[in-house]
Student: 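A single structure is presented below for examination.
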Amino acid sequence: MRRRVGVIGVGMSKFGKRDDVSVRELSWEAIREAFQDAGITQRDVDLVVAGSTAYRGVELYPAPPVSEYSSLTGKSPIRVEAACATGSAAAFTAINSIASGMVDLVLAVGFDKMTEVDTQTSLAIGGRGGNYEWEFHMYGTTFPAYYALYATRHMAVYGTTEEDMALASVKAHKYASMNEKAHLRNRVTVEDVLKSRVISWPIKLLDSSPISDGAAAVVFASEEKIRELKIDTPVWIEGMGYGSDTSSIARRGEWTSLRAARDAANMAYAQSRRSPRDVEYATVHDCFTIAEIMAYEDLGFAERGRGAILLREGQTERGGKVAVNLFGGLKAKGHPLGATGLSMIYEVTKQLREEAGPVQQQFKNYVALTHNVGGTGHYAYVSILSR
Amino acid sequence: MEGIPLHLRYAVPEKGYEKFWEGLTRNEIWGTRCSKCGTLYYPPQRDCSLCNTSDLEWVKLSNRGKLMTYTLVKAKPQGYENQEDYVIGIVRTDEGVDLMCWIRGNPRVNSTVKLVTDGKRVVGEILDV
């Protein structure tokens, strides 16, 4: 990166079924917190990058209404989309706008109101998250079905079990119960997960992230701006890698790992000159429980096929070798697509600043990572942050 | 309040792919092969984007393969809500093409599969006892 970029403010709305607000109030909830956190106002903002998939909300072009409500009109010329990695795509755009030297202070805001349509419509929208003609049209794919194809293969090749996957859900719910902003705050047991309704075998209801409403906002600034504003707790972006893969899941050639995520991780490690061993805290994209296991492997926290061992041994719990998703993960914190990637940066920033309360991880070197996957591995972003 | 419903109607072009859709009524699975670089495309493409030519020929794929992975779909999307539960699989054909299909029979990863069509899609019948 040409110029160093840091995070100076973060905000996040409560995630959940938010029928008390439109996408405007929901987004402002996150933006207001990020502005207060950074100690800035709209006047300080050079550029706003909005991220939203918008397919499930009544507002199909939501960026202008959100900007207008938030008094940011005139500074918000773009909305980005990368399916479930939309929030990271907004961060990527914001970071590069600063790194290039074009602007000094950017607000990235991600939001989605996903509960404004019914579940069957939502499944039909997600099922188009591959290739309409060659997959959804002929075979009635759904988003859970896509990830189930990975789960079945991972089980057959590596001996991963449904119980292993359930452990990821148990962990997510445990930590979400301590997070006031999480969507699902109930605790669950392995047995609860195994007995829950089959959605697309081997994926069951409690292997799946919920359909959530939510927003998250991050204020990024150049190093010069951070000095000028006298910010004493910046969190630095050491690297942000990306990857992508085929629209057709059949053409991936393998169904136990996400190439896009591996590519993104390798790029981020190379940019930051870090290795998986340096990472003390990570948010991973656990939209389904199998995705958390694959993430451990794709990020190099475990060897291929051995991701479930980290769960069995509790190595990704608080105090573990690398603590993962202590805010509850997509699985239980919730997964409003446009917000998720930025809520990961929110989480990692809180952790690195040691503002995470009961779920604070202890750091030695203050290095953390975010892993955000779009679609069923169509897009991926991995970022490495430090204090 | 109730928002105004949005009804989207789509007209999807089939031009250039008639052979594929007709094949689905005759137990035939067709891909395309670039006559210049030899790349085999499935799903079929009219253009070879690797060597910038539109000179592709239709190639019929093998009707046998191996089941790579599968899932039993219980929660169905709009458009498939009246279907019985169905199994989506990915099969690797004898020539090494990986394709999506529905699976009939008792699926297991690595099962041998015979590929047929039901008029609308490719269907893999499990041959293992």
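In what follows, chains are A, B, ... by sequence order, proteins preceding strands, each numbered from 1.
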Student: Are the side chains of P77(B) and F143(A) in touch, meaning some heavy atoms are under 4.5 Å apart?
Tutor: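 A side-chain contact is absent here, since even the closest heavy-atom pair is not under 4.5 Å.
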Student: Against chain B, work out which of T121(A), L60(A), V58(A), I125(A) has the most heavy-atom pairs shorter than 4.5 Å and name it.
Tutor: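 The candidate making the most pairs under 4.5 Å is T121(A).
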Student: With chain B as the partner, which of G140(A), A148(A), A124(A) has the greatest number of non-hydrogen pairs under 4.5 Å?
Tutor: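 Max contact count across the listed options: G140(A).
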Student: Can you confirm whether E191(A) is buried at CD, in the sense that more than 12 heavy atoms of other residues, nucleotides or ligands lie under 6.0 Å from that atom?
Tutor: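 Check fails, neighbour count at 12 or below.
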Student: Where along residues 152-164 of chain A does a heavy atom come under 4.5 Å of chain B, listed by residue number?
Tutor: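 When heavy atoms of chain B are the reference, residues 152-164 of chain A contributes T152(A), R153(A), A156(A) within the under-4.5 Å range.
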Student: Would you say that more than 12 heavy atoms from the other residues, nucleotides or ligands in this model lie under 6.0 Å from the CD of E68(A), or not?
Tutor: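 Open.
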Student: Between S248(A) and chain B, which part of the residue has a heavy atom less than 4.5 Å away: side chain, backbone, both or neither?
Tutor: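 For S248(A), side-chain heavy atoms alone lie under 4.5 Å from chain B.
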Student: So which of L72(B), D85(B), L24(B), V97(B) has the biggest tally of heavy-atom pairs under 4.5 Å with chain A?
Tutor: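 Maximum pair count with chain A is reached by L72(B).
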Student: Does R306(A), at its CZ atom, have more than 12 non-hydrogen atoms belonging to other residues, nucleotides or ligands within less than 6.0 Å?
Tutor: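 12 or below, so no.
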Student: Using modelled atom types only, decide if a donor and an acceptor are shared between the side chain of R197(A) and the backbone of K74(B) within a distance under 3.5 Å.
Tutor: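 Between the backbone of K74(B) and the side chain of R197(A) there is no qualifying donor-acceptor contact (under 3.5 Å).
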Student: Can you tell me how far the CG atom of L123(A) sits from the CD atom of E81(B), to the nearest 0.5 Å?
Tutor: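 CD of E81(B) is found 10.5 Å from CG of L123(A).
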Student: Please report the C-alpha distance between K76(B) and T142(A) in whole Å, then the side-chain angles of each, then the deciding distance to 0.1 Å, and finally whether the side chain to side chain contact (heavy atoms under 4.5 Å, CB included) criterion is met.
Tutor: CA-CA 7 Å; K76(B) 281 153 274 186; T142(A) 64; 5.9 Å; no
Student: Could you tell me the separation between the OG1 atom of T71(B) and the CG atom of L149(A), rounded to the nearest 0.5 Å?
Tutor: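 The OG1 atom of T71(B) sits 6.0 Å away from the CG atom of L149(A).
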Student: Given side chains that start at C-beta, do those of I199(A) and V73(B) come closer than 4.5 Å, heavy atoms only?
Tutor: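 Not touching, per the 4.5 Å side-chain cut-off.
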Student: Kindly indicate, with the supporting measurements, whether the criterion side chain to side chain contact (heavy atoms under 4.5 Å, CB included) is fulfilled by Y139(A) and R121(B).
Tutor: CA-CA 7 Å; Y139(A) 303 108; R121(B) 60 184 66 81; 3.5 Å; yes
Student: Check whether more than 12 heavy atoms from other residues, nucleotides or ligands sit under 6.0 Å from atom CD of E303(A), and answer yes or no.
Tutor: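 No.
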Student: Between I4(B), I90(B), V91(B), V109(B), who has the most heavy-atom pairs with chain A when the cutoff is under 4.5 Å?
Tutor: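 Heavy-atom pair counts peak at I90(B).
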Student: Taking N110(B), V87(B), V122(B), L99(B) one by one, which has the highest count of heavy-atom pairs under 4.5 Å against chain A?
Tutor: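 Answer, by heavy-atom pair count under 4.5 Å with chain A: V122(B).
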Student: Using heavy-atom distances under 4.5 Å, tell me whether Y146(A) contacts chain B through its side chain, its backbone, both, or neither.
Tutor: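 Only the side chain of Y146(A) comes within 4.5 Å of chain B.
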Student: Is there a side chain to side chain contact (heavy atoms under 4.5 Å, CB included) between E133(A) and V12(B)? Walk through the geometry before answering.
Tutor: CA-CA 9 Å; E133(A) 271 181 280; V12(B) 184; 3.8 Å; yes
Student: Can you see which heavy atom on P43(B) is nearest to which on R251(A), and at what distance?
Tutor: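 It is CD-CD, 3.7 Å.
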Student: Count the heavy-atom pairs under 4.5 Å between each of E254(A), E135(A), M138(A) and chain B, then report the option with the highest count.
Tutor: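 Highest number of heavy-atom pairs under 4.5 Å: M138(A).
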Student: First locate atom OG of S200(A), then atom OH of Y70(B), and finally report the distance between them rounded to the nearest 0.5 Å.
Tutor: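 That separation rounds to 11.5 Å.
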Student: Measuring heavy-atom distances to chain A, does P13(B) have an atom under 4.5 Å in its side chain, in its backbone, in both, or in neither?
Tutor: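 Answer is backbone: N, CA, C or O of P13(B) sit under 4.5 Å from chain A.
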Student: If you look at every heavy atom in T141(A) and I88(B), which pair is closest and at what distance?
Tutor: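 Taking every non-hydrogen atom into account, CA-CD1, 3.8 Å.
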Student: Which atoms of R108(B) are under 4.5 Å from chain A, going by heavy atoms: the side chain, the backbone, both sets, or neither?
Tutor: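 No part of it gets close to chain A.
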Student: Give a yes or no on whether N186(A) atom CG has more than 12 heavy-atom contacts from other residues, nucleotides or ligands under 6.0 Å away.
Tutor: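 Buried by this count: over 12 neighbours within 6.0 Å.
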Student: Which heavy atom of M68(B) sits nearest a heavy atom of W255(A), and at what distance?
Tutor: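 M68(B) and W255(A) have their closest heavy atoms at CB-CZ3, 3.7 Å.
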Student: Classify the angle between the aromatic ring planes of H137(A) and W21(B) as parallel (below 30°), tilted (30 to 60°) or perpendicular (above 60°).
Tutor: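 The arrangement is perpendicular - the two ring planes meet at more than 60°.
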Student: In chain order, what residues pass the ring pair (Phe, Tyr, Trp, His ring centres under 6.0 Å) check against W58(B), with sequence neighbours excluded?
Tutor: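 Not a single residue meets the ring pair (Phe, Tyr, Trp, His ring centres under 6.0 Å) criterion with W58(B).
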